[in-house]
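Lettering follows sequence order; numbering is per chain, from 1. Heavy-atom basis, side chains included; hydrogens, waters and symmetry copies ignored.
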2 protein chains.
Amino acid sequence: MVYSQIVDTTNTTKAPRSEGPRERLLRAADELTYREGMHVGVDAILTAADVARRSLYQHFGGKDGLVTEMLAKTSERTEQLYADALAAGGDDPRERLRSLFAVLEKIPDAPGYRGCPFVNADLTLADPAHPAHDVIRAHKRRLRALLEGELRAAGHPDPAMAGVQLQLLIDGAAAVAASRPDERPAAAARPLVELVISQATPAG
Amino acid sequence: MVYSQIVDTTNTTKAPRSEGPRERLLRAADELTYREGMHVGVDAILTAADVARRSLYQHFGGKDGLVTEMLAKTSERTEQLYADALAAGGDDPRERLRSLFAVLEKIPDAPGYRGCPFVNADLTLADPAHPAHDVIRAHKRRLRALLEGELRAAGHPDPAMAGVQLQLLIDGAAAVAASRPDERPAAAARPLVELVISQATPAG
DNA sequence: CTATAGATAGACCGAGTGGTCTATAGTCAA
DNA sequence: TTGACTATAGACCACTCGGTCTATCTATAG
């Protein structure tokens, strides 16, 4: 039984025809899978992308290929965002991390926020052999390595564990923010993040 | 496309016939929805429960009713587990919390661990009006209230925020443990948990 | 011009979905 | 025994899903 109408084809913003079918499909898959979940139908994606059914299978081989490649693209964009945020913090690794988390803190406040798209996809895709799982795991590992690198540069005594701690705070805050945003988990996470960062005493 | 065979009706353990159909359905739904995800078919649940189709609709009105009631039961069991773990810690609220987290830490090590069943269900059930969402949110709020109560009793300066912090560490560790257990997030979370607890200075 | 490749439109398919229905068997109280 | 209730077995239905297929259109290269 469906309790609410999820797909509203009326208000669906069609991708500009200037892009090719491939780009339009990736964009539509990104929007729809995040908003409605990974179980949106192929038809809904095709309608939103304003693309012929055949083009999807020509370019991506199927729905799984499309969402996997879409997640890979999202991964690239996300990591670029992180790199930029770190760079904005200057040279001190602790300041770079603070700059990163200042950016991360704002993300859940965006309208339509539904949690980390990678965690959501990972938990939603029931089949453990779905190729997207590898993409997701690789992305999370790169993010952890990024954090670990900064912590090591900052002189943290246990950068590997601290990297997991920061990762865990990010994913935990995202999960809580998605279902109970009124608890303001990002604000609650801040002091813990600061603690982990400040444990990295420079040249200690 | 299915990359791996998920449902293995051969090895499915049938519930003992001593219980009534209602209990068998709840038990089968619990096992299957956690192992295979919330999208297991009604047929698979019926087969595992060894129950007639009609009994499901007689007792629960449909699949949604079944999984909602199953989550409510799981919520009860979980909260009882937490209450027992707290009680095992004695009278000092900080020791009670340490006792609780000692129990929580071991959970991801269990074979077949797939993350928090409530978070998973929350993310998997695409329809935001599904009745299970209310059950899940209520469960998480009770858990947070439980943590907050202990923190308040321990004299924590900001028990509300600290409660969110502990909740966030739990959910974050569960999410990471589900997809990258080798990172041992529970162990990484421990020092942060201890920090939050130790901030509650008795009668400070 | 034609030839080729890419895109569109949409019918179509098999499989699987949740849910309804009829018929039958067992169980326990009056 | 009868009657009411519950459970079982399984056919059946409308619908949705991802995916394939044919036919047509369009744009660009030669």
Side-chain angles (χ1 to χ4, degrees), chain A residues 1-9 14-29 32-33 36-70 124-127 129-132, chain B residues 1-9 14-29 32-33 36-70 124-127 129-132:
Chain A
M1 184 184 299
V2 175
Y3 302 87
S4 71
Q5 200 59 30
I6 303 178
V7 181
D8 184 357
T9 48
K14 308 227 172 182
R17 268 317 197 69
S18 57
E19 295 178 314
R22 185 185 180 82
E23 285 68 34
R24 277 179 284 156
L25 280 169
L26 287 169
R27 182 189 300 270
L32 285 182
T33 57
E36 327 267 4
M38 297 300 292
H39 291 87
V40 275
V42 166
D43 288 338
I45 297 176
L46 292 174
T47 301
D50 196 22
V51 150
R53 201 172 189 74
R54 183 147 209 206
S55 302
L56 190 158
Y57 293 91
Q58 197 73 28
H59 283 290
F60 303 100
K63 184 190 178 186
D64 293 342
L66 172 60
V67 301
T68 301
E69 189 151 334
M70 171 252 127
T124 303
L125 297 173
D127 189 342
H130 194 294
Chain B
M1 186 184 298
V2 175
Y3 301 88
S4 71
Q5 198 57 31
I6 303 180
V7 180
D8 183 357
T9 49
K14 307 227 173 184
R17 268 319 197 69
S18 59
E19 295 178 313
R22 184 184 180 83
E23 284 69 32
R24 277 180 284 154
L25 279 169
L26 286 170
R27 181 189 301 270
L32 286 182
T33 56
E36 327 266 4
M38 298 300 292
H39 290 87
V40 276
V42 166
D43 288 338
I45 297 176
L46 292 174
T47 301
D50 196 22
V51 150
R53 201 171 188 76
R54 183 150 209 201
S55 300
L56 191 158
Y57 292 91
Q58 197 72 27
H59 281 291
F60 303 99
K63 184 191 178 185
D64 293 343
L66 172 60
V67 302
T68 302
E69 190 150 331
M70 171 254 128
T124 303
L125 298 173
D127 189 341
H130 193 293

Rounded to the nearest angstrom, tell me the gap between atom [atom1] in [X] and atom [atom2] in [N].
X       : N      : atom1 : atom2 : value
A:Gln58 : D:dT20 : CD    : P     : 11 Å
B:Asp64 : C:dT17 : CG    : P     : 15 Å
A:Lys63 : D:dT20 : NZ    : C1'   : 17 Å
A:His39 : D:dC17 : NE2   : P     : 11 Å

Those residues at least two apart in sequence (or on a different chain) that pass side chain to side chain contact (heavy atoms under 4.5 Å, CB included) with A:Tyr57 are A:Val42, A:Arg53

Partner set under side-chain hydrogen bond (donor to acceptor under 3.5 Å, both in side chains) for A:Arg54, not counting sequence neighbours =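 Residues passing side-chain hydrogen bond (donor to acceptor under 3.5 Å, both in side chains) with A:Arg54: none at all.
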
Considering every strand shown, what is the Watson-Crick or G-U wobble mate of D:dG30 when both distances are under 3.5 Å?
->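 Result: C:dC1.
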
Nearest-neighbour nucleotide for the A:Val42 side chain, D:dG18, C:dT8, C:dG18 considered |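 Side chain of A:Val42 sits closest to D:dG18.
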
From the list C:dT22, C:dG18, D:dG19, which nucleotide is the closest neighbour of the side chain of A:Tyr57?
-> D:dG19

Reckon B:Arg54 has a side-chain N or O less than 4.0 Å from the OP1 or OP2 of D:dA11?
-> no

Does B:Ser55 make a side-chain N or O approach to OP1 or OP2 of D:dT8 shorter than 4.0 Å?
->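 For D:dT8, OP1/OP2 do have a side-chain N/O of B:Ser55 under 4.0 Å.
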
Report yes if some heavy atom in the side chain of B:His130 is under 4.5 Å from a heavy atom in the side chain of B:Thr68; otherwise report no.
->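 A side-chain contact exists here, since the closest heavy-atom pair is under 4.5 Å.
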
Record whether the side chain of A:Arg53 comes under 3.5 Å of the base of C:dG10 through a donor-acceptor pair of N or O atoms.
->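 Checked by distance alone, the answer is no.
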
For A:Arg27 and A:Ala49, indicate whether the former's side chain and the latter's backbone hold a donor-acceptor pair under 3.5 Å.
-> no

Base, sugar-phosphate alone, or nothing: which one does B:His59 contact when heavy atoms must sit under 4.0 Å apart?
-> sugar-phosphate

